[in-house]
Amino acid sequence: METFKMIQARKAIRKYRDEQISDDQLHELLVAANAGPVGMGRYENYRLTVIQDPQVLGKLTGIYGAPTVIVISVANGDTAEALSAGAIAHNIELAAEDQGLGANYNMASLESIPSETVPEGFKPIFAVTIGQTDETFTPREVPLDRIKTNIVK
Ligand SMILES: Cc1cc2nc3c(=O)[nH]c(=O)nc-3n(C[C@H](O)[C@H](O)[C@H](O)COP(=O)(O)O)c2cc1C
């Protein structure tokens, strides 16, 4: 999809089919995540954990039955890491949409993520829920004052 149309069509998807995303689709999402910008280029301060095990997914709260959750964990939890995690998650979300997958940002699950699934020394800070969806993506009319803006010029 053309980039700007894709941005206009992006939306939170909270309804997923049971069928798992393919490994090729997951690969694209991980490429997109790794293409994300992080503060000072300190990629060593981030970890991605892909959760697809139904037993582990069953322990997570607020994931709307998503068959795949990608957790972004950070070393320190400072502001730069939180912002960077958001950028990584956004890249994943747009790459999901590009493949016709449904995705949504997720903080609701963070406290329920079993600590043994996350690399030692890292703390989950953001997650993305992903799955096949019957929803379609068409550019939306988003009001320009959805985020109040002042222009200084
Ligand atoms: C930092 C952040 C945390 C979010 N956490 C959740 C969440 O835990 N559960 C959820 O359903 N949506 C979550 N969302 C999605 C927002 O609710 C959603 O993006 C917002 O309502 C706007 O809707 P739209 O994405 O369809 O434009 C989160 C979004 C962001 C940016």
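If you're wondering where the values come from, they're calculated on a predicted model, not measured in any experiment. Numbers for residues simply follow the sequence, beginning at 1.
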Under 3.5 Å: donor-acceptor pair, side chain of [X], backbone of [Y]:
X	Y	answer
Thr133	Leu101	no
Ser22	Gln20	no
Asn91	Ala32	yes
Thr61	Ser112	no

Interatomic distance, [X] atom [atom1] to [Y] atom [atom2] [nearest 0.5 angstrom]:
X	Y	atom1	atom2	result
Asp23	Gln52	CG	CD	7.0 Å
Leu60	Glu111	CG	CD	12.0 Å
Asp98	Thr3	CG	OG1	8.5 Å

Around atom [atom1] of [X], are there more than 12 heavy atoms from other residues, nucleotides or ligands closer than 6.0 Å?
X	atom1	value
Glu116	CD	yes
Lys11	NZ	yes
Asp53	CG	yes
Asp18	CG	no

With sequence neighbours excluded, residues passing side chain to side chain contact (heavy atoms under 4.5 Å, CB included) with Val142: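 Applying side chain to side chain contact (heavy atoms under 4.5 Å, CB included) to Val142 gives Arg140, Arg146.
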Less than 3.5 Å apart, which donor and acceptor atoms pair up between the side chains of residues 40-50 and the rest of the protein, not counting sequence neighbours?
residue, atom, partner, partner atom, Å
Tyr43, OH, Gly36, O, 2.7
Tyr46, OH, Ser84, OG, 3.3
Arg47, NH1, Glu44, O, 3.0

Between Leu57 and Pro67, what is the shortest heavy-atom contact and its length? CD1-O, 3.3 Å
Residues Gln99 and Asp24: closest non-hydrogen pair is OE1-O, 4.4 Å
Do Gln8 and Glu141 have a side chain donor and acceptor closer than 3.5 Å?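 Their side chains do not contain a donor-acceptor pair, so the 3.5 Å distance test is not met.
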